[in-house]
Amino acid sequence: MKITRVFDFLDHLHENYNKQDMICGRNKEGEWRKYSTDEYNEISHSLSCAFLELGLQKGDKIATIMQNRPEWNFMDMGIMMAGMVHVPVYPTLNVKDYEFILNHSDVKCIVIGVESIYRRVEPAISNIRQEPFIFTIDPIEGQPNFEELLQKGRASRDKWMTVVMETKKEVTPETMASIIYTSGTTGNPKGVMLSHKNIVTNALAIADVQLIDHTCNILSFLPLCHVYERATNYKYQYLGASIYYAGSLSTIAKDLKDIQASGFCSVPRVLETMFDKLRAAGKDMKGIKRRIYFWAFNLATQYDIDNKNWYYQKKIALADKLVYSKWREKLGGKEMIIVSGGSAIQERIVRLFSAAKLRVFEGYGLTETSPVIAVNNPKKNILKVGTVGEILPCIEFKLADDGEILTKGDCLMIGYYKDEEYTKQVIDEEGWFHTGDIGMLVEGRFLKITDRKKEIFKLSNGKYIPPQIIENKLKESSFIQNAMVVGENEKIASAIILPDFNTLHFWCAKHKIHFSSHEELITLAPIIKRIQREIDYINKSLADYEQIRKFKLVSDEWSTQTGEFSQTLKLCRSFLHKKYDHLIQEMYNHAPEN
């Protein structure tokens, strides 16, 4: 069958893959609840009937606010087969954002996952103008729940199934399928309208470069309300791969091992954490085991996929037998395909995991482009480290005079919901979408992202600083967990640095340095001097005007909950600038006199 609407993936799956573990999630007892292809199909169609039984109409908006779980998929397909619009919302927003999104999108029904999310959303519910139906997945006293909604649909199938089947025929590829709200750096979130054609075209294009097939188990942990994980979810359904939802970010390694996964999608921050844990494991070793471990570790960070020299391959094979195979055993034992997106990833991380046959293929895209624009190609074994790969065939692409990446075509959004003016600002008269990212083509075919146009800043001498590139270089140091480069309109570039405290603890123990807290630790002269050595080394690889001349250490944890990272684990620069304004002022001698 030809797939032209999102719910066609469900019909394709039902016709081609009779699986008992198509969509899987852990129950309250921690055991896997596996849904078969037939169950997925039946539950989704029953939910379509339930929405119609509630009196909802074609084109109405239904919001889901939940973590990754099978019910997300059932809701997703059920909503769209009824001709309605799915509005997936992050489960970790604040009340103000919930009020805005749920009002702005005109939702008629909201389905919420667990009680903790419901309590987070509850203060906003009373301020929703359209008084939507509210259901929860997990039972909450006094609230209608998913099981009741499902039973309503099953009881009314005879009444509504004919209508559902007719509605599916009426939905065209151009019909709006979803509104996805992006967290902008300023102002209220923007609602990106995506059509069935937008999503389907992109999902089929990224499926075409995959080695994954119906024999594979895939772990999913990035939020399904973000278009990146959502599009890959459809890709896996198209390929017939079984999808397992991780219990949480902290259970990823356990879940990978449990299901013997063949791959997953990630963002750099998750892979950075895994990288740090592998490095830390070696520091606990002694003698010859430690030397062998770090020989293999360092060899991996320099891995060259194109080096076919027999001696080099022998070294890699020996390192695999002694070290890399042990890493894979802890993650289920299989070779994997890992796709990384969302922001730039350090090259050494790509090389290390790829050397261990946990191959990382970096890609690039935006919500507005449904999302993937370019990706390295597992099927052709094309991995150009330092780039985001080749442009997808379905994408029209060009670089503006200033290097900004422009795209158009079937993957480009309909526009921003209720915001024609902003839509016109980002899509020019010729139909080109201005991504705001700066890039270049390597060897005429591989796209390399050099920075965000809005994040690049100018020093007072007129030189432009690309902060993301410098920050990734800083994070290559084992002593630096994260960093933000600053200095707009100043003479020099500086940095706010969050040290890697695990590394500092080892170093302090070795040098008999005592401290009572992290707050005290970052003030100690030996620590500041040690971080300065790291920065001096990194500065050698930077242009003179890019070099970090001053820095301030901070001790508080950076997270999505506390505001330093966005929901997609990118730095929230405006928040960090405000939070550390006093330190930035001190670095540039702008602090007020006492």
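Remember, it's a predicted structure, so these values are computed and weren't measured experimentally.
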Between K475 and E272, is there a side-chain N and carboxylate O pair less than 4.0 Å apart?
yes

More than 12 heavy atoms from other groups under 6.0 Å of NZ on K277
no

Which heavy-atom pair separates T450 from I469 by the least distance, and what is that distance?
O-CD1, 3.0 Å

Would you check if R351 and V385 make a side-chain contact, meaning some heavy-atom pair closer than 4.5 Å?
yes

Set out, in order, the CA-CA distance, both residues' side-chain angles and the distance that settles side-chain contact (heavy atoms from CB on, under 4.5 Å) for S354 and L383, then state yes or no.
CA-CA 9 Å; S354 297; L383 174 56; 3.5 Å; yes

Are the side chains of T232 and V339 in contact, using a 4.5 Å heavy-atom criterion?
no

For a 4.5 angstrom cut-off between non-hydrogen side-chain atoms, does D276 reach N502?
no

Whether the side chain of T369 engages the backbone of V372 through a donor-acceptor N/O pair (distance < 3.5 Å, no angle test) should be reported.
no

Could you walk me through whether Y324 and L299 pass side-chain contact (heavy atoms from CB on, under 4.5 Å), step by step?
CA-CA 11 Å; Y324 308 154; L299 180 66; 3.9 Å; yes

Once rounded to the nearest 0.5 Å, what's the spacing between atom NZ of K458 and atom CG of N489?
8.5 Å

Strictly distance-based, threshold 3.5 Å: is any side-chain N or O of S566 a donor or acceptor partner for the main-chain N or O of K570?
yes

Atom NZ of K463 with >12 non-hydrogen neighbours under 6.0 angstrom:
no

Taking all heavy atoms of Q532 and all of F551, pick out the closest pair and write down the distance.
OE1-CE2, 3.0 Å

Hey, does the Lys NZ or Arg CZ of R120 hover above the aromatic six-ring of Y98, less than 6.0 Å from the centre and inside 45° of the axis?
no

Flag yes if more than 12 heavy atoms outside K330 fall under 6.0 Å of its NZ atom; otherwise flag no.
no

For the CD atom on E335, are there more than 12 heavy atoms of other groups (residues, nucleotides or ligands in this structure) within a distance under 6.0 Å?
yes

Interatomic spacing from CG in D556 to OG1 in T562 - rounded to 0.5 Å
7.5 Å

How far does CD of Q210 sit from CD1 of I218, to the nearest 0.5 angstrom?
7.5 Å

Say you draw a straight line from CD1 of I538 to CG of N472; how long is it, rounded to the nearest 0.5 Å?
11.0 Å

Using 30° and 60° as the class boundaries, would you call the ring planes of F501 and H518 parallel, tilted or perpendicular?
parallel

Does the side chain of Y293 come within less than 4.5 Å of L278's, by heavy atoms?
yes

Can you name the side chain to side chain donor-acceptor pair (under 3.5 Å) partners of Q481, sequence neighbours left out?
none

Within a reach of under 6.0 Å around NZ of K334, are more than 12 heavy atoms found that belong to other residues, nucleotides or ligands?
yes

Considering residues, nucleotides and ligands other than R533, do more than 12 of their heavy atoms fall under 6.0 Å from its CZ?
no

Measuring only between side-chain heavy atoms, which start at C-beta, is Y90 closer than 4.5 Å to P223?
yes

Would you indicate whether the side-chain heavy atoms of K384 and E443 approach each other to under 4.5 Å?
yes

Please say whether more than 12 non-hydrogen atoms of neighbouring residues, nucleotides or ligands are located less than 6.0 Å from NZ in K491.
no

Run T560 and Q567 through side-chain hydrogen bond (donor to acceptor under 3.5 Å, both in side chains) and show every step you take.
CA-CA 6 Å; T560 55; Q567 301 296 327; 5.3 Å; no

For residues M336 and K357, determine if any side-chain heavy atom of one lies less than 4.5 Å from a side-chain heavy atom of the other.
no

Between R26 and D255, is there a salt bridge with N-O shorter than 4.0 Å?
yes

Just verifying a value: how many Å separate L542 CG and Q547 CD, rounded to the nearest 0.5 Å?
6.0 Å

Between F515 and H505 (judged by ring centroids, cut-off 6.0 Å), do the two rings come close enough to count as a pair?
yes

What do the steps show when you test Y364 against D437 for side-chain hydrogen bond (donor to acceptor under 3.5 Å, both in side chains), and what is the final call?
CA-CA 10 Å; Y364 160 73; D437 291 312; 2.7 Å; yes

Ring center gap for F275 and F297 short of 6.0 angstrom:
yes

How far apart are the closest heavy atoms of A493 and Y545, and which atoms are they?
CB-O, 4.5 Å

Nearest 0.5 Å, please: how far is OG1 in T387 from CD1 in I449?
9.0 Å

Measure the acute angle between the ring planes of F221 and F264, then classify it against the limits of 30° and 60° as parallel, tilted or perpendicular.
tilted

What do the steps show when you test E329 against K326 for salt bridge (charged side-chain N to carboxylate O under 4.0 Å, His left out), and what is the final call?
CA-CA 5 Å; E329 284 174 16; K326 309 300 188 298; 5.3 Å; no

If you take all heavy atoms of P123 and E99, which pair is closest and at what distance?
O-OE2, 4.2 Å

How close do T251 and A246 get, heavy atom to heavy atom, and via which atoms?
OG1-C, 4.2 Å

I496 to M587 - nearest heavy-atom pair and separation:
CD1-CE, 3.8 Å

More than 12 heavy atoms of other residues, nucleotides or ligands under 6.0 Å from OH of Y312: is that the case?
yes

Hey, are the side chains of V485 and I548 touching, using non-hydrogen atoms and a 4.5 Å cut-off?
yes

Do the rings of Y416 and Y422 sit parallel, tilted or perpendicular, given the 30° and 60° boundaries?
tilted

Please report the C-alpha distance between Y588 and S494 in whole Å, then the side-chain angles of each, then the deciding distance to 0.1 Å, and finally whether the side-chain hydrogen bond (donor to acceptor under 3.5 Å, both in side chains) criterion is met.
CA-CA 9 Å; Y588 292 110; S494 301; 3.0 Å; yes

